[in-house]
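Working notes for the structure below.
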Amino acid sequence: MRDDFFPGVGRIVFEGPGSRNPFAFKHYNPDEAVEGKSMRDHLRFAAAYWHVMRNPLADPFGGGTALMPWDDGTDSLANAQKRVRVFFEFLEKTGIDHYCFHDRDVAPELGSLAESNKALDAVAETLAEEQARTGKKLLWGTACLFAHPRYAQGAATSPSLPVYAHAAAQVKKALEVTHRLGGSGYVFWGGREGYSTLWNTDMKRELDHLAAFLHMAVDHKRRIGFAGKFFIEPKPREPSTHQYDSDAAACLNFLREYGLLDAFELNIETNHATLAGHTMRHELTVAAAAGKLGSVDANRGDELIGWDTDQFPTNLYLAVEVMLVVLGMGGFTHGGLNFDAKRRRESHMPEDLFHAHIGGMDTFARGLKVAAALRADGRIEDFVRLRYATWDSELGRRIEQGSASLEELEKTALAQPAPVLSSGRQELLENIVNEFL
Ligand code: XLS
Ligand code: NI
Ligand code: NI
């Protein structure tokens with residue numbers, strides 16, 4: 001294990017719930033089996049390169065505070081490659097098995113696209129070396145199509161074809177690099193794919209362009225033999241006033257409308273769910289019901305702040321809800337739990353990166369254990385099944401198969417006594433959950 005950049009922090013190990021060591025796991029015990037699978041394989045933790053290495057911790061009212069003693073602040077290739085080594089030391093010490101990146105997080109954007117591509121290739125070489133040295137894996141890659149001023153009016157939905165072409169070239173390259181690094185997925189997050197005002201926007205044309213863009217990406221994926229999954233990450237707004245991929249249901253509808261449904265799954269992020277006016281559990285349930293829950297960006301928002309604060313997930317109740325949906329769909333295959341989360345601006349020291357991730361990992365480890373215990377207990381599952389018991393009938397089956405008619409249901413309704421409902425028992429069920437916390 002490398003020990004050059006975070007002096008004084010060793011490898012974080014599991015010490016159990018009784019430990020008071022802030023640099024130890026109290027619950028995440030990677031090789032411990034839950035429902036017959038190791039915690040590490042259930043949770044598939046990933047660190048976000050953009051937050052760990054590139055987030056200066058600025059807010060809308062003030063500049064960055066983060067101390068990054070390893071970073072010389074330049075756009076040089078040497079600085080970019082050094083950051084990669086710092087990052088992998090961080091992954092080794094935290095025991096996080098995967099990572100995610102944008103093209104422009106890992107390598108600098110230079111004077112021309114060709115130069116930027118060359119820089120990205122060079123950094124990818126360092127990433128590949130570090131992956132080989134440590135056994136860490138790429139969960140997903142993506143292209144940053146939102147930071148540069150050229151994307152101020154969109155990328156795949158830009159009114160300008162030259163901008164669209166630039167974005168397409170960036171995706172092509174990012175996809176190839178992701179493929180080369182053995183990524184298990186590739187994410188499309190449309191931060192600028194929406195509008196600021198409809199007074200200047202041809203929505204139909206923009207949506208058609210976005211779909212064409214994604215179709216070309218699917219074609220290219222086939223051409224290069226990339227076997228990873230494509231994920232769309234819903235978010236309703238910020239930076240745009242409205243983003244087309246506003247929530248899970250809107251994404252599914254868009255994919256279906258444009259014949260893209262087979263080629264994509266969703267990457268659901270907690271703070272985006274709440275910005276959309278939904279709970280995380282709602283978004284996960286919508287995605288999973290469609291068989292499209294691919295991956296999770298694990299963070300949380302603040303009830304009192306109306307933007308994507310990207311805080312670290314520490315809410316146990318929420319982690320239980322997330323893990324219940326994940327276990328319910330049989331676990332992650334290509335996806336995982338990516339900490340798309342940043343420290344507060346006040347937590348500016350390098351060791352805060354460790355506290356933040358240790359907390360997130362322990363929270364999800366507990367969430368996993370509690371979710372598995374609730375499933376083993378079975379009372380909630382049984383209750384939900386019984387709640388629909390009247391459907392477990394000949395008529396119920398035929399309605400569900402689509403072979404019943406209104407005439408037939410009318411005949412049933414006329415002949416039956418007035419329906420009697422059983423209680424929904426929300427409070428009882430919530431009490432059962434609390435027994436396990
Ligand atoms: C921003 C998004 C972004 C994506 C990757 O809000 O969460 O970080 O996950 O582009
Ligand atoms: Ni995200
Ligand atoms: Ni986000």
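- Counting only residues at least two apart or on different chains, the side chain to side chain donor-acceptor pair (under 3.5 Å) pairs with a member in residues 296-306 are Asn267-Asp297, Glu269-Asn299, Asp297-Asn338, Asn299-Asp310, Arg300-Thr314.
- Atom OH of Tyr49 and atom CG of Leu91 lie 10.0 Å apart (nearest 0.5 Å).
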- Candidate pair Thr279 and Thr274, rule side-chain contact (heavy atoms from CB on, under 4.5 Å), full reasoning: CA-CA 6 Å; Thr279 61; Thr274 49; over 6 Å; no
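- With respect to Lys204 and Asp208, a salt bridge is recorded, a charged nitrogen being found less than 4.0 Å from a carboxylate O.
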- Which is it for Phe354 and Phe90 under the ring-ring contact (aromatic ring centres under 6.0 Å, His included) test, yes or no, and what are the steps along the way? CA-CA 8 Å; Phe354 288 87; Phe90 176 76; 5.0 Å; yes
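- At least one donor-acceptor pair closer than 3.5 Å links the side chain of Lys136 to the backbone N or O of Ile96.
- Within the 3.5 Å criterion, the main-chain N or O of Gly336 finds a donor-acceptor partner in the side chain of Ser295.
- Taking the side chain as every heavy atom from C-beta outward, Leu210 and Tyr258 never approach each other to under 4.5 Å.
- Every pair passing salt bridge (charged side-chain N to carboxylate O under 4.0 Å, His left out) that includes a residue from residues 142-163 is listed here, sequence neighbours excluded: Glu109-Arg150.
- In terms of modelled atom types and a separation under 3.5 Å, the side chain of Arg192 and the main chain of Gln243 share no donor-acceptor contact.
- Applying the side chain to side chain donor-acceptor pair (under 3.5 Å) test to pairs two or more places apart or on separate chains, those with a residue in residues 211-227 are Glu176-His220.
- When the side-chain hydrogen bond (donor to acceptor under 3.5 Å, both in side chains) test is applied to Arg375, the partners found at least two apart in sequence or on another chain are Glu35.
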- Message: Go through it in stages, so that I can follow the logic: the residues are Leu255 and Ile232, the test is side-chain contact (heavy atoms from CB on, under 4.5 Å), and I'd like the CA-CA distance, side-chain angles, deciding distance and then a yes or no.
- Response: CA-CA 10 Å; Leu255 292 170; Ile232 296 232; 4.1 Å; yes
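- Under a 3.5 Å cut-off, the side chain of His272 and the backbone N or O of Pro234 do form a donor-acceptor pair.
- Arg343 contributes a side-chain N or O that, together with a main-chain N or O of Met349, makes up a donor-acceptor pair within less than 3.5 Å.
- Taking 4.0 Å as the cut-off between side-chain N and carboxylate O, Glu129 and Arg133 do not count as a salt-bridged pair.
- At least one donor-acceptor pair under 3.5 Å links the side chain of Arg345 to the backbone N or O of Gly63.
- Listed for the Asp362 side chain is no donor-acceptor partner under 3.5 Å among the backbone atoms of Gly359.
- Counting heavy atoms from C-beta on, the side chains of Val296 and Met280 come closer than 4.5 Å.
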- Message: Determine whether Lys82 and Asp72 satisfy the following criterion, salt bridge (charged side-chain N to carboxylate O under 4.0 Å, His left out), listing intermediate values before the conclusion.
- Response: CA-CA 10 Å; Lys82 184 174 182 193; Asp72 68 13; over 6 Å; no
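- Partners of Ala143 according to the side chain to side chain contact (heavy atoms under 4.5 Å, CB included) rule, which considers only residues two or more places apart in sequence or in another chain, are Asp103, Leu145, Gln170, Val171, Ala174, Tyr186.
- A salt bridge links Lys235 with Asp308: at least one charged nitrogen is closer than 4.0 Å to a carboxylate oxygen.
- No salt bridge links Arg11 with Glu89; every basic N to acidic carboxylate O contact stays at or beyond 4.0 Å.
- Formation of a donor-acceptor pair under 3.5 Å by the Ser158 side chain with backbone atoms of Tyr151 is not found in this model.
- Ring pair Phe264/Phe188: centre-to-centre distance below 6.0 Å.
- Lys292 and Leu261 get closest at one heavy-atom pair: NZ-O, 2.8 Å.
- One side chain, Glu193 or Thr157, offers a donor N or O that lies under 3.5 Å from an acceptor on the other.
- Checked for salt-bridge contact, Arg40 and Asp31 meet the test: a charged N lies under 4.0 Å from a carboxylate O.
- For the pair Arg366 and Val320, the minimum side-chain heavy-atom distance is 4.5 Å or more.
- Other residues, nucleotides and ligands contribute more than 12 heavy atoms inside 6.0 Å of the NZ atom of Lys173.
- Taking a 6.0 Å sphere around NZ of Lys37, one finds it holds more than 12 heavy atoms contributed by other residues, nucleotides or ligands.
- Smallest separation of non-hydrogen atoms from Ser246 and Ala250: OG-CB, 3.4 Å.
- For the residue pair Thr197 and Asn200, no side-chain donor N or O sits within less than 3.5 Å of a side-chain acceptor on the partner.
- For His42 and Phe332, the gap between ring centers reaches or exceeds 6.0 Å.
- Between the side chains of Gln81 and Thr126, at least one donor N or O sits under 3.5 Å from an acceptor N or O.
- Among residue pairs with one or both ends in residues 93-142, those qualifying as ring pair (Phe, Tyr, Trp, His ring centres under 6.0 Å) are Trp50-His102, Trp50-Trp140, Phe87-Tyr99, Phe88-Tyr99, His102-Phe146; sequence neighbours excluded.
- In plain terms, the two heavy atoms of Pro313 and Thr363 that are nearest each other are O-OG1, 3.4 Å.
- By the 4.5 Å heavy-atom criterion applied to side chains, Phe231 and His334 are counted as neighbours.
- At least one donor-acceptor pair under 3.5 Å links the side chain of Arg44 to the backbone N or O of Gly335.
- Within the structure, side chain to side chain donor-acceptor pair (under 3.5 Å) pairs that include any residue of residues 55-71 comprise His51-Asn55, Asp71-Asn79, Asp71-Arg83 (at least two apart or interchain).
- Counting heavy atoms from C-beta on, the side chains of Val433 and Leu429 never come closer than 4.5 Å.
- Side-chain rings of Phe14 and Tyr28 stay apart, their centers remaining 6.0 Å or farther from each other.
- A search for side-chain hydrogen bond (donor to acceptor under 3.5 Å, both in side chains) contacts involving Arg398 returns Glu408, not counting sequence neighbours.
- Arg385 and Asp382 are joined by a salt bridge, as a carboxylate oxygen and a charged side-chain nitrogen come within less than 4.0 angstrom of each other.
- Partners of Asp4 under the side-chain hydrogen bond (donor to acceptor under 3.5 Å, both in side chains) rule, at least two apart in sequence or in another chain, do not exist in this structure.
- Counting only residues at least two apart or in different chains, ring pair (Phe, Tyr, Trp, His ring centres under 6.0 Å) contacts with residues 281-310 comprise His278-His282.
- When the side chain to side chain contact (heavy atoms under 4.5 Å, CB included) test is applied to Arg344, the partners found at least two apart in sequence or on another chain are Thr309, Gln311, Lys342, Glu346, Ser347.
- Between Gly190 and Asp245, the closest heavy-atom pair is N-OD2, 4.2 Å.
- In this structure the side chain of Phe230 reaches within 4.5 angstrom of the side chain of Leu175, judged on heavy atoms.
- The backbone N or O of Tyr195 lies less than 3.5 Å from no partner atom in the side chain of Tyr244, so there is not a single donor-acceptor pair.
- Considering only residues two or more places apart in sequence or on other chains, Ser112 meets the side-chain hydrogen bond (donor to acceptor under 3.5 Å, both in side chains) condition with Glu115.
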